[in-house]
Amino acid sequence: MQPDGGERRVTVVIPDEVVLLDAAIPIDVFGSDPNYRLEVCAVSRTAATSVPGLSCVTVAGLEALRDAETVVVPGYASFATPPPEPVLRALRAAHGRGARMLSICTGAFALAAAGLLSHRPATTHWRAAPLLQSEYPDVEVHADRLFVDDGDVLTSAGVTSGIDLCLHVVRKDIGAAAANERARDLVAPPVREGGQAQYTRQFAKQTSSGALAETRAWILANLDRRHSLEDLAKRSNLSRRSFIRRFRQETGTSTHVWITSARLNQARELLETTELPIDQIGYRVGLGNPANTRALFKRHLGVSPGQYRHMFTISNGRQQGS
């Protein structure tokens, strides 16, 4: 639907009693990206927010959905009550025309009320998941997921998982490099996979600050090497104990977790952007032999390297590489 090189049209629908942070996430992610053209609309152009006394005014009404290629519904406090019928009709019509539908947090209730989640997997904030399941029993609710990508309908859990979902969409639309750059702009270290509720991948390319920034940059340039704590501490002119403490202070995690995250991140970019054989990618980024590479992908991402590559070759319309 989107020609190469053109702007992708994204419309954010502001429900009544909208959660401001949920609305700000897609507005920031897509509105600051030159690859997208953003529009914000509401049923009456003035919507209440979840903050008493504060309202949200838009310049467009629901007619903005007519040209939308991606529609985003943020979370809203009144989710236990279905949105007005004009909103539901507009959502159904947009989806019927081929628009991709996204929800942030309790925005899933609007999609469910419009019938767009029937017999589909979906998620929402874990506190609201039991209500979503009871109100819409034909929805396959996954309360433990950060986000669910079901092709033309994508849903996310609470608050920051909306960032994960929006960056996932950028990754699918534009590519890994664009998603990583967008994450850097947002200062968003956690870039997490939808199916891994407890998995947090440190944003490995954030190396510009801290006393160990040079060491981290060197690690990223030499991921294929073995990195012992002793060697890294020596390179940093620190004792082993001081290096361990300083590294955790600057990254929020251990050296082992950070390096594994960096290797997985690099492997993912190579799987998405090249046709290198999977066994070569494992050695190139330091994950090791094919068996170890597969095991690490399964453990951290929930899929094999082959499945990961296939997912992105299909979404990008390319033939699967070797």
Side-chain angles (χ1 to χ4, degrees), residues 10 12-15 17-27 29-30 50 70-83 87-88 91-92 94-95 99-173 179 183 188 190-201 298-303 307-308 311-312 315:
V10 177
V12 178
V13 183
I14 302 297
E17 295 188 13
V18 67
V19 178
L20 288 176
L21 182 54
D22 289 356
I25 287 168
I27 290 172
V29 172
F30 298 116
S50 58
T70 296
V71 175
V72 187
V73 184
Y76 56 108
S78 56
F79 60 87
T81 302
V87 175
L88 300 181
L91 293 175
R92 295 187 195 108
H95 183 252
R100 176 175 53 187
M101 313 299 288
L102 274 65
S103 67
I104 309 293
C105 196
T106 55
F109 282 79
L111 298 185
L116 304 183
L117 297 184
S118 295
H119 308 293
R120 285 180 178 268
T123 192
T124 187
H125 193 288
W126 63 270
R127 291 186 185 275
L131 180 61
L132 181 65
Q133 188 67 87
S134 63
E135 291 293 316
Y136 304 97
D138 59 345
V139 179
E140 184 184 326
V141 179
H142 294 270
D144 60 340
R145 301 284 293 273
L146 291 179
F147 63 82
V148 173
D149 181 346
D150 196 39
D152 57 337
V153 179
L154 302 88
T155 54
S156 64
V159 192
T160 57
S161 62
I163 298 177
D164 300 318
L165 176 59
C166 291
L167 291 176
H168 172 74
V169 168
V170 174
R171 180 179 289 273
K172 290 182 67 174
D173 287 351
V191 181
R192 301 172 291 182
E193 289 305 302
Q196 296 296 305
Q198 301 302 319
Y199 170 61
T200 298
R201 186 186 68 174
K298 278 286 189 179
R299 184 186 311 158
H300 292 284
L301 305 180
V303 294
Q307 290 170 324
Y308 186 87
M311 177 177 65
F312 279 94
S315 68

### Task
In sequence, state the C-alpha distance, the side-chain angles, and the governing distance for V73 and L91, and then conclude on side chain to side chain contact (heavy atoms under 4.5 Å, CB included).
CA-CA 9 Å; V73 184; L91 293 175; 4.0 Å; yes

### Query
Do D164 and R145 meet the salt-bridge criterion of a basic N to acidic O distance under 4.0 Å?
no

### Task
Go through the structure and list residues passing side-chain contact (heavy atoms from CB on, under 4.5 Å) with A113, not counting sequence neighbours.
P82, P83, L88, Y136

### Task
Sort out for me which residue in V72, V10, T70 forms a side-chain contact (heavy atoms from CB on, under 4.5 Å) with P26.
V72

### Query
Which pair of non-hydrogen atoms, one from V29 and one from V170, has the smallest distance, and what is that distance?
CG1-CG2, 4.0 Å

### Query
Residues two or more places apart in sequence or in another chain: which of them pass ring pair (Phe, Tyr, Trp, His ring centres under 6.0 Å) with F109?
F79

### Summary
Sequence neighbours excluded, the answer for side chain to side chain donor-acceptor pair (under 3.5 Å) partners of T81 is none

#### Entry: Non-hydrogen atoms of A143 and A129 that approach each other most closely
CB-CB, 3.6 Å

#### Entry: Check: S118 and V139 side chains under 4.5 Å, non-hydrogen atoms
no

### Worked verdict on E140 versus Q133 for side chain to side chain contact (heavy atoms under 4.5 Å, CB included)
CA-CA 8 Å; E140 184 184 326; Q133 188 67 87; over 6 Å; no

### Task
Using a 4.5 Å cut-off on heavy atoms from C-beta on, say whether the side chain of H95 contacts that of V71.
no

### Task
To the nearest 0.5 angstrom, please state how far the CG atom of D149 sits from the CZ atom of R100.
8.5 Å

### Message
Would the distance check show the side chain of R171 and the main-chain N or O of A179 forming a donor-acceptor pair, the cut-off being under 3.5 Å?
### Response
no

### Query
Do you know the tightest heavy-atom contact between T155 and A122?
OG1-CA, 3.3 Å

### Task
Write down the atom of C105, the atom of H125, and the distance for their closest heavy-atom approach.
SG-CB, 3.6 Å

### Message
Can you tell me how far apart CG (D22) and OG1 (T106) are? Round to the nearest 0.5 Å.
### Response
6.5 Å

### Message
To the closest 0.5 Å, what do you measure between CG (L102) and CG (L154)?
### Response
5.0 Å

### Task
Any pair with a residue in residues 103-125 that passes salt bridge (Lys or Arg N to Asp or Glu O under 4.0 Å), sequence neighbours left out, goes on the list, sorted by first then second residue, please.
R120-D150, R120-D152

### Query
In Å, rounded to the nearest 0.5 Å, how long is the span from CD1 of I104 to CG of L21?
9.5 Å

### Query
Who pairs with E135 by side chain to side chain donor-acceptor pair (under 3.5 Å), at least two apart in sequence or on another chain?
none

### Query
Do C166 and V169 have side chains that get closer than 4.5 Å, going by heavy atoms?
no

### Query
Hey, mind stepping through L167 and L165 against side chain to side chain contact (heavy atoms under 4.5 Å, CB included) and telling me if it holds?
CA-CA 5 Å; L167 291 176; L165 176 59; over 6 Å; no

### Query
Does R127 have any salt bridge (Lys or Arg N to Asp or Glu O under 4.0 Å) partners at least two apart in sequence or in another chain, and if so, which?
none

### Task
List the atom of S156, the atom of S161, and the distance in Å for their closest heavy-atom pair.
CB-O, 3.8 Å

### Query
Any donor and acceptor pair, going by atom type alone, linking the side chain of T123 with main-chain N or O of H142 inside 3.5 Å?
yes

### Message
Do L117 and M101 make a side-chain contact, defined as non-hydrogen atoms from C-beta onward lying under 4.5 Å apart?
### Response
no

